[in-house]
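Residue numbers begin at 1 in each chain, while the letters A, B, ... track the order of the sequences.
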Amino acid sequence: MEKVYAPHEIERRIYERWERNGWFAPRGTGAPYAIAIPPPNVTGTLHMGHAFQHTLMDTLTRYHRMRGDDTLWQPGTDHAGIATQMVVERQLNAEGKKRTDLSRDEFVARVWQWKEQSGGTISAQMRRLGDSVDWSRDRFTMDAGLSRAVVEVFVRLYEEGLIYRGKRLVNWDPVLLTAVSDLEVEQEEVEGNLWHLRYPLADGSGHVVVATTRPETMLGDTAVAVHPDDERYRHLVGKQIRLPLAEREIPIIADSYVDATFGSGCVKITPAHDFNDYEVGQRHALPMINVFTPRAAMNDEVPPRFRGLDRFEARKRVIAELEAAGLLEKVEKHKHSVPKGDRSGAVLEPYLTDQWYVKIAPLAAPAIAAVEEGRTRFVPENWTNTYFQWMRNIRDWCVSRQLWWGHRIPAWYDDAGNVYVGRDEPDVRAKHGLGAEVALRRDEDVLDTWFSSALWPFSTLGWPDKTPELAKFYPTSVLVTGFDIIFFWVARMMMMGLKFMGDVPFREVYITGLIRDEHGEKMSKSKGNVIDPLDIIDGIDLEALVAKRTSGLMQPQLAPQIEKNTRKQFPEGIPPHGTDALRFTFAALAAPSHDIRFDLQRVAGYRNFCNKLWNAARFVSLSLGDAASIGTGPAERSLADRWIRSRFGRMLEQVENALREYRFDYVAAALYEYTWYEFCDWYLELTKPILQDENASDAAKRGTRQTLAHMLEALQRALHPIMPFITEEIWRFVAPLAGRNGPTVMLEPYPTAQEFAFDAEAEREIEWVRNFILGVRQIRSGMDIAPSKKLPVILQNASPEDVARATQHRAYLDRLAGLETLDILPSGATAPEAATALMGELTILVPLAGLIDAKAEVERLEKLIAKTRDELRKTHTKLANEKFVNNAPKAVVDQERERQAEFQRTLTSLETQLARVRRLLDRT
RNA sequence: GGGUGGUUAGCUCAGCUGGUAGAGCGUCGCCCUUACAAGGCGAAUGUCGGGGGUUCGAGUCCCUCACCACCCACCA
């Protein structure tokens, strides 16, 4: 084996070999296990959040594959309608062109071109992360197959009356010029104004005051509303208002929507530009006057002097004119929220347009029931509430988008405006008996990206065809995703899956936290705190990192600050850590239900772990020589051999349990602790007395070598799902020595706890050995004795069992505790002045003569005594409490008594030692 | 307005059904002991956000307050 662990060198060739051999494809003979990847935006790159989720999905996939399950991790990408279209439009802008300079077909061709060009980035990243997805099944939401599923779903829903077209208010993005769904609206708090406007009564008998945050929309007012029970205004209901500026007459109406306690209690009603007003308008059959163009400038419905003004310009102008006319009563500061598009950041307008909607209630009901009945389980469970809360208040889903990139809506119109929905134009003509003489025009709109995403778990498996994959892998086993898309995606997959497959799309949903930077900030390009997972794997120098973070910013003025922060945080750039270290970090940090502050220190720690593992393998390699030297013939298993097997089994138990509950942090901890603190720190050290002893028998050496090989081999299998690369590399060297001849660790069986039975005796004996060694080490450290110095040791109060153990395990003690001699003090004999360590009744003595600083020992003992007294006092108090003794379970009380006795023994013993050492001190 | 999560060692976080406060990183000693200095051995470190309650016993259960996140819905 290479002397130095070099992840970069290993990782690439290993992945290439896995992929070339087709080992990622489902092959197991066990139960089906499937995960559908949350498809990333095809033209994007994977960020830390993806890397995190992919690590968990790959860990699950590899684990189940090794368990023999018929395992599929389904890969693919999403066309990400708006996001992708925006990127390509920006590219056009950079060339001095606009989207509309191109025909629709030309533009779409251009997007496809960009998709082909950049689509490889994600798959390259996934390969570097070690993702064992079945590349042969790679899918894209705009593939022919998936597009067919989209059309099929649309048509079926339409035919059932679950999709309809309607003219109503939608959230309109005046920059992107498209409708968006409720979910794509982000409310942003702003310090705005509340303008109080005087609206004169038409009969000249006075005025009412209305308050508004949107004065410009007053040009579209078609009523003023008051609360029906509001005594102040009851006499005015039914009268007319002379709407200023517009110079129209509008009625005063009564509607319980009005809150009489807010403002003046009078509300201007603008049905075409406010969701609440729209409802009021419907109830009172008010006219709707749309005063905006699609770009949110004033249209021809307003007096000529306002026409063409942008909405914010118009606002100023309206206020100015009202003020000049004495109609502005007052202006108050007012905190309120404005709706913004999550993509464009533009202030959205409620806008009256024709759109396609999915009637959601009939789809939501089964999706709610499925979770109530536990057919799909959220992990952590508290996300269930979030899901219910949204699903129970869900509103119809606007699915049409006025974009060019996406699945075009399969609807056609004739010249009379009749709409026909079908799988394609011939289908529509056939179904509705439309001859060639009838001109049909296809709907210009495309579907919301999430419409196709909602079908992902079955569309990727071949639906609407009844494929064998679909039968086998649907429902999928688990969905791993972030809470931010529970509504966008998880809920919609539930609805569509239940509707079209008659079953839930996944049995479990594991919701991960968000990856944040080390300060807890969300990682974003504009904050300049993004880290590319590949840069952690391969490392990156400072200049390249700065360049990466400051280029392509939407707001270039942020560049200097970002550069400064980056230089401060990574003065040396980022050193390479390797994929396995990054993956292990993600697993270790994956505690449930909260976000993760990502800390590079942590990755460095796990890189050291990889290094430790590597060196352990080197030790084994050096200890074994070649296969021949392990050889055949009688083999004798040492106590340590039995012990490590037993410990391995206990560790596997923990891993199995933790994995069932998606506690990847526990999985990582169990593996880490076993590997470092048991296998490396103790087992490997315990093999040395045998392997390096010329007097040890061949059988003993053979037994140890075999165990060494077997346990290292099995450990690679246990670690492989989290750390695929280093384990493959080590496994391929050690497997033949352990009698395994498979081509790759990834297809070997995952070790089980049953194979490594609990060995009570071995655990007990090694525990004794370990405590003995620790005791001597404490003395050594307390006395500042060099590890190289061999010590004479005397046992006091040794039971026959202690004597037997000391004799039997003498080789371990000599080597690991560094013993020179080991003597038993006969009972009744006086002990020499010595440093002490206690093991229950047994006292380990290291005579002070010439070796030890008596003063240091006194200090050490005094400290120990103080500590023991403290503990003893606590147990005294507890046991003196009658209520405790009477009420606590017997086991707890007994345990407390035992502790008290133990502390008492320790204390007595320590005090005796102290007195003895003091005497020595006095003599000198 | 409704809801969720959080507040534990200098930092980042675990602590299951109440029963001796843990890990990693960092810190402090001593060691280049032929797998590993990216290491070994040893050590220190906490009024578990505040207050109250239940209990023999509370980091853990209940109430309350404070602060920090986040989600949903919003009265112009």
Side-chain angles (χ1 to χ4, degrees), chain A residues 1 3-5 182 187 194-195 210-214 225 257-270 274-277 334 336-337 380 382-383 385-386 389-390 393 483-484 486-487 513-514 516 518 520 522 575 581 585 588-589 591 593-602 604-623 657 661 663 665-666 668-669 672-673 680-681 684-685 688 692 773-774 777-788 815 818 863 871 874-875 878 881-889 891-893 895-896 899:
Chain A
M1 283 183 69
K3 194 162 173 163
V4 179
Y5 165 58
D182 296 338
Q187 300 293 339
L194 190 59
W195 286 275
V210 298
T212 181
T213 55
R214 304 277 326 260
Y257 151 72
V258 179
D259 175 359
T261 64
F262 186 91
S264 64
C266 297
V267 187
K268 64 192 270 305
I269 301 297
T270 324
D274 181 281
F275 288 103
N276 289 311
D277 293 4
H334 183 63
H336 63 119
S337 53
N382 55 293
W383 291 108
N385 278 335
T386 308
Q389 203 182 323
W390 189 69
N393 297 299
F483 62 84
D484 50 331
I486 289 180
F487 306 144
L514 242 50
R516 296 170 176 275
E518 70 286 357
K522 223 164 171 168
T585 308
L589 292 176
S593 81
H594 62 74
D595 293 350
I596 292 169
R597 289 191 193 205
F598 192 82
D599 184 358
L600 264 181
Q601 293 292 341
R602 206 67 196 254
Y606 292 119
R607 181 202 52 207
N608 295 354
F609 177 62
C610 292
N611 193 49
K612 186 77 183 175
L613 181 64
W614 183 262
N615 281 300
R618 273 192 67 229
F619 171 78
V620 173
S621 137
L622 297 172
S623 303
N657 292 333
E661 292 303 316
R663 289 302 302 260
D665 54 336
Y666 287 175
Y672 183 96
E673 283 163 16
C680 291
D681 285 353
L684 294 188
E685 294 304 324
K688 289 176 183 176
Q692 297 173 9
I773 292 164
L774 289 175
R777 279 177 183 170
Q778 271 162 13
I779 295 172
R780 206 184 267 286
S781 175
M783 299 299 106
D784 275 358
I785 302 170
S788 48
R815 170 90 189 197
K863 246 163 101 181
E871 293 295 330
K874 279 190 214 161
T875 59
K878 219 164 173 181
N881 182 351
E882 271 176 43
K883 288 177 179 168
F884 170 71
V885 179
N886 295 335
N887 292 311
V892 174
V893 178
Q895 193 194 338
E896 201 60 31
R899 293 186 67 222

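The 5' end of RNA chain B is approached more closely, in terms of each residue's nearest nucleotide, by A/Q601 than by the other of A/Q601 and A/D274. Along RNA chain B, the nucleotide nearest to A/R777 and the one nearest to A/N887 differ in position, and the one closer to the 5' end is contacted by A/R777.
Of the inter-residue distances, the one linking A/I269 atom CD1 with A/D274 atom CG reads 8.0 Å to the nearest 0.5 angstrom. A distance of 5.0 Å separates NZ of A/K688 from CZ of A/F619, quoted to the nearest 0.5 Å.
Here A/R597 lies in heavy-atom contact (under 4.0 Å) with sugar-phosphate atoms only. Residue A/C680 is in base contact, counting any heavy-atom pair closer than 4.0 Å across all strands shown. In this structure, A/V258 reaches the bases: a heavy-atom distance under 4.0 Å links it to at least one base atom across the strands shown. Within the 4.0 angstrom heavy-atom criterion, no nucleotide atom of any strand lies near A/T261. At the heavy-atom level, A/A616 lies under 4.0 Å from base atoms of the strands shown. Among the protein residues, A/T212 comes within range of the sugar-phosphate backbone only, with heavy atoms under 4.0 Å from sugar or phosphate atoms but none that close to a base. Among the heavy atoms of the strands lying under 4.0 Å from A/N881 are primed sugar atoms or P, OP1, OP2 only; no base atom is included. Contacts of A/T386 with the nucleic acid, taken as non-hydrogen atoms under 4.0 Å apart, are absent. Contacts of A/F487 with the nucleic acid, taken as non-hydrogen atoms under 4.0 Å apart, involve only primed sugar atoms and P, OP1 or OP2. Looking at heavy-atom distances under 4.0 Å, A/D681 makes contact with sugar-phosphate atoms alone, never a base. Within the 4.0 angstrom heavy-atom criterion, no nucleotide atom of any strand lies near A/I269.
At whole-Å resolution of the value, OH in A/Y672 and C1' in B/C13 are 14 Å apart. When the P atom of B/U12 is taken as reference, atom CG of A/L589 falls 13 Å away, rounded to whole Å. The CH2 atom of A/W390 sits 10 Å away from the P atom of B/C72 (whole-angstrom rounding). For the pair A/L600 CG and B/U12 C1', the interatomic distance rounds to 13 Å; values are reported in whole Å. Whole-Å rounding puts the A/R663 CZ to B/A23 C1' distance at 13 Å. For the pair A/L684 CG and B/G39 C1', the interatomic distance rounds to 14 Å; values are reported in whole Å. Going from atom CD of A/Q895 over to atom P of B/G57 covers 18 Å, rounded to whole Å. Atom CZ in A/R618 sits roughly 6 Å away from atom P in B/C36 (whole-Å rounding).
Annotation: side chain of A/D681 is not in contact with side chain of A/E685 (no heavy-atom distance under 4.5 Å). A/V267 has its side chain out of reach of A/F262: every pair of non-hydrogen atoms, C-beta onward, lies at least 4.5 Å apart.
Nucleotides B/C30 and B/A44, compared at atom C1', are 15 Å apart to the nearest Å. One P atom belongs to B/G49, the other to B/G42, and the distance between them is 32 Å to the nearest Å. For the P atoms, the distance linking B/U47 with B/U4 amounts to 30 Å, nearest Å. Nucleotides B/G39 and B/G3 are separated by 49 Å at their P atoms, to the nearest Å. For B/C16 and B/U60, the C1' atoms lie 10 Å apart once the distance is rounded to whole Å. Using atom P as the reference point in both B/G15 and B/G52, the two lie 27 Å apart (nearest Å). Taking atom P on both nucleotides, B/U7 is separated from B/U45 by 24 Å, rounded to a whole Å.
Within 3.5 Å, a donor on the side chain of A/R899 pairs with an acceptor on the base of B/U20, or the reverse. The base of B/C30 lies outside donor-acceptor range of the side chain of A/S781, with no N or O pair under 3.5 Å. With hydrogens and angles left out, the side chain of A/E685 and the base of B/A35 share a donor-acceptor pair within 3.5 Å.
A distance-only check finds a donor-acceptor pair linking the side chain of A/R780 to the backbone of A/G818 [under 3.5 Å]. Under a 3.5 Å cut-off, the side chain of A/S781 and the backbone N or O of A/R777 do not form any donor-acceptor pair.
Phosphate proximity of B/G40 to A/K612: present, with a side-chain N or O under 4.0 Å from OP1 or OP2. Under 4.0 angstrom from either OP1 or OP2 of B/A35 there lies at least one side-chain N or O belonging to A/K688. An OP1 or OP2 oxygen of B/G15 is reached within less than 4.0 angstrom by a side-chain nitrogen or oxygen of A/Y666.
Taking each heavy atom of A/K878 and A/F884 in turn, the nearest pair found is O-CD2, 3.4 Å.
Scored by the side chain to side chain donor-acceptor pair (under 3.5 Å) test, A/N657 finds A/R660 as partners (sequence neighbours excluded). Residues satisfying the side chain to side chain donor-acceptor pair (under 3.5 Å) criterion with A/R597, sequence neighbours excluded, are absent altogether.
In RNA chain B, runs of at least 3 stacked Watson-Crick or G-U pairs (N1-N3 plus N6-O4 or O6-N4, or N1-O2 plus O6-N3, all under 3.5 Å) give these stems: B:1-7 with B:66-72, B:10-13 with B:22-25, B:27-31 with B:39-43, B:49-53 with B:61-65.
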